[in-house]
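The structure appears right after this line, and notes come after that.
Atom set for the values below is all heavy atoms of this structure, side chains included, hydrogens, waters and symmetry mates excluded.
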Amino acid sequence: PPKMVLINVPTGTIVDMYEFPTEDAPHDGAYLNDLVIDVPRQIAYISSTGNNASDLGSIVVYDRNRAGRKSRRFEDRSTHAEQGAFIQIHGVVQSELQDFPCDGIALAPDRRLLYYTLLGGFHLYSIETELLRDFSATNAQVSATVLDYGEKPSNSDGMAFSQNGTLWFGGLTTDSLYRWTPGEGPVSDAVAVKSDAERLWWIDTFAFDETGSIWLTSNKLNTWFFGSPDRKSVV
């Protein structure tokens, strides 16, 4: 079943493990995917790109500090697949992606808003973490804080915030790396920092180093899912 596993990297030992109950991450359908961590509060926010009857797409919250360790599940229309999205990658219409729900998530530097987007759609959303991490709040109460920022220039997989409040995401249909700062114009005007049809083919996971550089994986995932496997790369 789906688990949260904490590993001490230098020693390779497992220091904590939490098995999600099926009501939070259905054991017959959850696909826990991207995650971000509120380190001071020891809370993880995880996208579940379920794409099946038992999990239509959701955000799962894990609170390691809560007594007994607890988790919760949030879903509404914004976490489900976007209907009618036209997705074309390298000249191939990827209709298979239209049913894929929320995937990429990013936590704002002040940890007040969690941003998320759909793999099979173009819209970008945010939600208030104060209610999301309040396990007594209902789904309806959490849904009331959802903001829709409109459509990005492309659908995307992974996302990440840098410390200065810039949101970075890939463009799966444009082979591009984008940046956008909330509050500075619509997300549809996000700046394409770099485009490369070979090296930026399906941008996924992001990381930052101490020199100010951004690292990302480019995994050509559509060729693994819907075509012939090709090589992956890190740039």
**Prompt:** Side chain of Thr138, backbone of Gln141: donor and acceptor closer than 3.5 Å?
**Reply:** yes
**Request:** Flag the pair Arg77 and Glu82 as a salt bridge only when some basic side-chain nitrogen lies within less than 4.0 angstrom of an acidic carboxylate oxygen.
**Result:** no
**Fill in**
For residues 104-126, the salt bridge (Lys or Arg N to Asp or Glu O under 4.0 Å) pairs (sequence neighbours left out) are Asp38-Arg111
**Asked** Within 45 degrees of the axis of the six-membered ring of Tyr178 and under 6.0 Å from its centre: does Lys152 put its NZ or CZ there?
**Response** no
**Prompt:** Going by distance alone, is a donor N or O of one side chain under 3.5 Å from an acceptor N or O of the other, for Asp157 and Trp202?
**Reply:** yes
**Request:** State, without any angle test, whether Thr166 and Arg179 hold a side-chain donor-acceptor pair at a distance under 3.5 Å.
**Result:** no
**Request:** Please collect all salt bridge (Lys or Arg N to Asp or Glu O under 4.0 Å) contacts where either partner lies in residues 7-27, sequence neighbours excluded, each pair once.
**Result:** Asp16-Arg64, Asp16-Arg69
**Asked** Is the backbone N or O of Asp175 less than 3.5 Å from a side-chain atom of His90, with the two atoms forming a donor-acceptor pair by type?
**Response** no
**Message:** Clusters formed by hydrophobic residues whose side-chain heavy atoms approach within less than 4.5 Å: which one holds Tyr31, and what are its other members?
**Reply:** none
**Request:** Kindly say whether Cys102 contributes a backbone atom to a donor-acceptor pair with the side chain of Ser47 at under 3.5 angstrom?
**Result:** no
**Item:** Electrostatic pair Asp55:Arg73 at N-O distance under 4.0 angstrom
**Value:** yes
**Complete:** Given the options Tyr125, Phe74, Tyr45, Tyr116 meets ring-ring contact (aromatic ring centres under 6.0 Å, His included) only with Tyr125
**Item:** Gln88 atom CD: more than 12 heavy-atom contacts under 6.0 Å
**Value:** yes
